[in-house]
Amino acid sequence: MFVSENLSVNEKGHLAVSGVDTVDLAAQYGTPLYVMDEEVIRSACRRFKKSIDSFYGGAGLVCYASKAFCCREMCRIMKDEGIGLDVVSGGELYTAASVDFPMENICFHGNNKTDEELTLALEKKVGRIIVDNIFELERLNALAEKAGVTANIMYRIKPGIDAHTHNFIRTGQIDSKFGFALETGEAFEAVKKAIELKNINLAGLHCHIGSQIFDIDPFVHAAEVMLGFIAKIKNELGFEVKQLNLGGGFGIKYTNSDNPAPFENYMEKVSVKVKEVCEKENISLPFIIIEPGRSIAAPAGLTLYTVGGIKNIPNIRTYVSIDGGMCDNPRYALYKSEYDIEVANKAGEPKTESITLAGKCCESGDLIGENMPVQHIEVGDTVAVLATGAYNYSMSSNYNRIPKPAVVMVKDGSSRVVVKRETMEDIIRNDL
Ligand code: LLP
């Protein structure tokens with residue numbers, strides 16, 4: 001059983017993505033190659049949207065966290081699906097603007113936005129700037145005053161939730177570089193300040209408790225904590241916070257041992273809690289924003305590589321070297337993230353071997369995984385690493401001056417390039 005439902009084995013025994021033969025894709029476009037399935041992306045968007053409609057009367061907005069995978073075509077797809085965007089840099093914002101993305105549906109994040117980025121956001125009339133700290137608030141107020149506008153903001157709050165995930169990607173707890181702390185009173189003081197400032201409109205509050213979270217409970221608890229804070233603000237300051245952004249973080253299936261809850265359950269349970277607390281605290285139901293990234297992009301993607309060499313070290317391990325590595329997928333090197341792999345040209349065969357998939361970078365830690373079960377593997381085979389649609393292309397680098405792979409989008413049985421493969425000319429483009 002494959003981790004993503006769009007994958008199958010075709011009559012040639014090859015791995016297929018929504019019916020498109022991955023061995024043909026590797027031959028046509030070369031490897032390494034990122035392959036994205038447009039229908040998987042679109043159906044995830046629709047499921048998230050529908051869950052807000054069904055369980056929260058449609059009073060909300062899904063903003064795709066574009067850090068997971070951002071390119072112009074992805075922004076076009078989101079625009080077409082009526083999904084907003086979470087951006088975290090001038091670069092992501094610029095990409096969205098380049099396809100005339102509706103700016104009112106953008107949330108602009110980041111713990112250290114520059115004046116240039118904030119100015120760009122004001123110029124573009126970005127719907128919500130998520131302010132991370134008091135220094136940013138003051139800078140933004142001054143920039144907005146200079147531009148003669150009012151900045152629509154949300155505050156990033158640390159609700160203090162431990163979401164039981166990898167330390168590096170856990171962001172809601174107090175020891176985090178992101179946002180204002182609740183328990184120290186920092187967040188409350190910041191709210192008072194925002195209300196006073198002339199060129200600031202405090203539209204709402206935001207939290208994001210981490211990433212690749214399987215349990216629904218921490219999300220429900222975060223919503224409860226945030227609503228408690230909204231109630232405190234209303235009771236003590238007479239100010240009504242109208243919007244609540246609950247961030248992203250929904251877990252996906254990377255390997256068959258992963259068992260994430262269907263994300264509809266998330267909206268269902270969170271909606272019940274939000275309604276319950278609002279009634280108890282006598283506050284109006286907030287407009288809800290959610291920011292899924294991985295859960296929209298990851299299951300849609302896979303990466304194709306060609307095997308160039310195999311080293312069998314008796315009683316130790318077998319290294320299988322591919323033509324990419326940590327430069328296009330740094331997630332094992334960074335987080336020890338696990339992936340399922342297939343020999344794409346033998347996907348119908350049983351997995352009889354266990355290998356270490358090694359990249360081509362000049363670094364021992366450049367691995368895509370260890371102890372990976374796989375079919376009998378030989379030099380020249382095409383290897384598919386599954387569920388790489390999020391945080392692979394977006395985290396890729398030119399380490400060792402290796403050009404970045406192309407991204408191909410598959411839809412209705414055909415494929416098209418949405419990001420060109422980098423050339424050697426691109427590698428020296430900025431060198432003087
Ligand atoms: N909203 C905010 C404010 C975030 O910081 C993030 C992710 C998201 C939404 C989307 O979270 P998602 O639904 O994708 O889990 N590079 C790491 C993940 C870092 C996530 C950072 N923030 C990885 O490869 O696992």
Side-chain angles (χ1 to χ4, degrees), residues 41 44-45 47-48 51 61-70 74 78 83-89 92 106-113 128-132 153-159 161 163-173 176-180 204-216 218-219 222 226 244-255 258 260-261 263 266-267 288-301 303 326 328-339 368-369 385 387-397:
I41 296 169
C45 291
R47 280 177 62 191
F48 274 116
S51 74
L61 179 68
V62 181
C63 286
Y64 165 62
S66 71
K67 71 207 79 181
F69 170 57
C70 184
M74 196 64 178
M78 293 305 135
I83 299 278
L85 278 188
D86 146 1
V87 301
V88 278
S89 71
E92 288 181 353
I106 289 191
C107 291
F108 189 12
H109 289 269
N111 64 309
N112 192 12
K113 304 176 200 74
R128 297 160 187 92
I129 298 175
I130 318 300
V131 171
D132 177 89
I153 70 153
M154 296 186 122
Y155 266 151
R156 176 148 187 174
I157 305 293
K158 290 187 253 201
I161 310 287
H164 307 293
T165 180
H166 194 292
N167 259 328
F168 296 165
I169 51 178
R170 194 174 60 189
T171 49
Q173 79 281 25
S176 165
K177 68 169 181 168
F178 296 107
F180 296 90
L205 300 178
H206 168 276
C207 69
H208 170 78
I209 58 170
S211 206
Q212 185 61 358
I213 299 169
F214 290 150
D215 280 357
I216 303 281
F219 292 113
M226 293 297 282
L244 177 58
N245 183 335
L246 293 168
F250 320 114
I252 67 122
K253 203 176 179 74
Y254 279 109
T255 69
D258 291 334
F263 43 72
Y266 161 80
M267 213 44 228
I288 297 269
I289 297 177
I290 54 171
E291 300 176 324
R294 188 191 313 272
S295 47
I296 289 181
T303 313
M326 65 189 290
D328 56 74
N329 180 359
R331 297 193 69 257
Y332 188 76
L334 278 174
Y335 320 118
K336 289 256 177 295
S337 302
E338 291 190 12
Y339 287 98
I368 300 292
V385 180
T388 57
Y391 304 112
N392 272 236
Y393 171 76
S394 64
M395 293 178 77
S396 64
S397 75

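No experiment lies behind these values; they were computed from the predicted model shown. Order of listing sets the numbers, starting from 1, for every ligand and every atom in it.
Note: Phe250 and Phe219 have tilted aromatic rings, judged against thresholds of 30 and 60 degrees for the angle between ring planes. Ring geometry, Phe263 versus Phe48: the interplanar angle falls under 30°, so the pair is classed parallel (tilted spans 30 to 60°).
Numbered from 1 in the order shown, with element, the atoms of ligand 1 that lie under 4.0 Å from a heavy atom of His109 read 3 (C). Taking a cut-off of under 4.0 Å to the non-hydrogen atoms of Met395, the atoms of ligand 1 that pass are 16 (N), 24 (O). Within ligand 1, the atoms closer than 4.0 Å to a non-hydrogen atom of Ser211 are 11 (O), 12 (P), 15 (O), 20 (C), numbered from 1 in the order shown. Listed by atom number, the atoms of ligand 1 under 4.0 Å from Glu291 heavy atoms are 1 (N), 2 (C), 3 (C), 8 (C), 9 (C), 10 (C), 13 (O). Here is the list of ligand 1 atoms found below 4.0 Å of a heavy atom in Ala65: 8 (C), 9 (C), 10 (C). Residue-ligand proximity, Gly249 to ligand 1, at heavy-atom distances under 4.0 Å covers atoms 11 (O), 12 (P), 13 (O), 15 (O). Those atoms of ligand 1 with a heavy atom of Gly293 less than 4.0 angstrom away are 12 (P), 13 (O), 14 (O). When each atom of ligand 1 is checked for a heavy atom of His206 under 4.0 Å away, the hits are 3 (C).
Side chain of Asp132 to backbone of Gly179: a donor-acceptor contact under 3.5 angstrom is found. No side-chain donor-acceptor contact under 3.5 Å links Ser66 to the backbone of Val87. A donor-acceptor pair is defined here as one N or O able to donate and one able to accept, closer than 3.5 Å; no such pair exists between the side chain of Lys67 and the backbone of Ser89.
Under the side-chain hydrogen bond (donor to acceptor under 3.5 Å, both in side chains) criterion, Thr255 pairs with Ser257, sequence neighbours left out. Scanning for side-chain hydrogen bond (donor to acceptor under 3.5 Å, both in side chains) contacts around Thr303 gives Thr388, with sequence neighbours left out.
Geometrically, ligand 1 and Tyr391 share a nitrogen or oxygen pair separated by less than 3.5 Å.
Between Val88 and Phe108 the shortest heavy-atom distance is C-CE1, 3.8 Å.
Aromatic pair His109/His208: ring centres not closer than 6.0 Å.
With a 4.0 Å heavy-atom cut-off, ligand 1 is reached by the side chain of His208 but not by its N, CA, C or O. Contacts with ligand 1 closer than 4.0 Å are made by side-chain heavy atoms of Asp86 only, the backbone lying farther away. With a 4.0 Å heavy-atom cut-off, ligand 1 is reached by the side chain of Tyr335 but not by its N, CA, C or O. Contacts of Pro292 with ligand 1, taken as heavy-atom pairs under 4.0 Å, involve the backbone alone.
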